[in-house]
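Structure, as structure tokens:
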Amino acid sequence: MSCASVREHLPELVRGDAPPGVSDHAAACEACARVVEGARALRGDLDAWTVPPPRDDLVERALAGMAMAALASPERGAARPTTDLPPGAPGPLGELIPFPAAARPRRRSSVEILTSAALGGGGPVSPIPPTRGQLALRLVTQAAAALLLFGVCTTFVAVFYPAVVHAVEQRRLHDCQERLREVARAIARYRHERPDAPALRGPALRAALVEGGYLDASRLVCPGPRGHDLGQNSFVAELPAPDPADPARLPGGRPVCWDRFGNHAEGFNVVYADGRVEVVPVEGLARWMGRSGE
Amino acid sequence: MSSDPGVRAGDSDEALVARLEGGDPAALRQLMERYRGPLHGYLCRLLGSSDDADDLFQDTFVRVLRHAARFDRGRSFRPWLYSIATNLARNTFRSRSYRDAVPLDRPDEDGCALVAQLAGRGGAPGDAAERSEAAGVVRAAVDELPEKGRAAVVLFYYQGLSYDEIAEALEIPVGTVKSRMHNAMTRLARALAPQEELP
Ligand SMILES: [Zn+2]
Ligand SMILES: [Zn+2]
């Protein structure tokens, strides 16, 4: 290493990660020592330039902004309106959901029933103590029955589990839409009663709605799988500034509340000021953003 | 100096881009969380405004999502991300009719200029009070750099990128990156020279 190599690596010396050979030469060479000292001083100056940390919800806001850009775009074509089910209407797979309830009233376990059927006696247990042979037979039969039941259950789960999960997800998506409609009604009522209120969003809007008695705080949480993780931050809501022409009314086509990106695996819900709800499929967002356009 | 902390933890950036291309929205969120601090800091230093940085952070990831399918698997993600952000920042500057880019590669500084500047200034950085004042001075000095030098210095010093990564991010040869860095550092050293050196 030479003075020339120190010269070559000066920017790294300033940054503090020059190769070891360079630092070694600089430490031993009188001519380079001052340069290294200057580099260290420059580093001190550069380190003084700090920037504020990003806001905590930067990513959430960016994702919501991306979603809203997709919604507002005339070329979206991906967003499709929901069937707008009336409140209380059964979900698409409503028949599947009562299944566990129908299975509940049994008193005896499935293993007991299968065992007693195999032993030929379904009645009350005999008061005469069973012999050793009877006990062994009962144990073997019980084990076989348990195995059989396990097999049946495994097959059942493999076949029906995805459908059940899908049904649960659909139900959550639908419940979420109900909540969003309530939020939209609350925001519309707030604007109606306070035509002079400024535009509000985030915690300020939450406080205005909840403390003003317009909405129960629990309704501001998305029932989707990720909604509860985010808690009070699972929806994005916005009260637009009053329209000078008609300050007590909200423009009907304006989105006022929507899901955070990823609340639901299928997409995200958005409600407009007039109570209309849309679900934007995730793949629709991706398509709008041009990924599958090639 | 602040590099990108924790960026290599867990899934690699490149694996996340592949998942994103496969349609996994969680991968996008993960990438955004990972670069929340570093990318926002970069944009903040380039644009001088935290709000503008918020906007361009979002725009950068819109482009990541849009072009994920075209992302070359053999490349690394970090320089690609910074190249997108740098181009967006450049457009922002142009639309705001900021000063034109002065070519930083012009041979106005010979190879010894940085040596002379650094050897001439000596001394340690000032105390805390001087340092906080220095933040504004550094910012102004970096602002005075031509656009391309500014991006290179911020990528090199504050984001901790290598010369190769900067070359990829700014789409210029590595040799050009090195000469720009020398020139930019020389200018900074001159601009930040202690007051007593001035008449
Ligand atoms: Zn030397
Ligand atoms: Zn939801």
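Each chain gets a letter, A, B and so on, in the order its sequence line appears, and its residues count up from 1.
In this structure, A:H9 NE2 and B:K178 NZ are separated by 7.0 Å, a value rounded to the nearest 0.5 Å. Here the CG-CD distance, from A:L58 to B:Q58, works out to 9.0 Å after rounding to the nearest 0.5 Å.
Between B:Y157 and A:L42, the closest side-chain pair of non-hydrogen atoms is not below 4.5 Å. Contact of the A:L63 side chain with the B:R29 side chain is registered, since non-hydrogen atoms from C-beta on lie closer than 4.5 Å. Between A:L46 and B:V153, every side-chain heavy-atom pair lies at or beyond the 4.5 Å cut-off.
One N or O on the side chain of B:H182 and one on the backbone of A:R7 form a donor-acceptor pair closer than 3.5 Å. At distances below 3.5 Å, at least one donor-acceptor pair connects side-chain atoms of B:R45 with backbone N or O atoms of A:W49. When atom types are taken as modelled, the side chain of A:R55 and the backbone of B:S50 share no donor-acceptor pair closer than 3.5 angstrom.
When every heavy atom of A:P11 is checked against every heavy atom of B:F156, the shortest pair comes out as O-CE2, 3.3 Å.
Ranked by heavy-atom pairs shorter than 4.5 Å toward chain B, the options A:P54, A:C32, A:P53 are led by A:P54.
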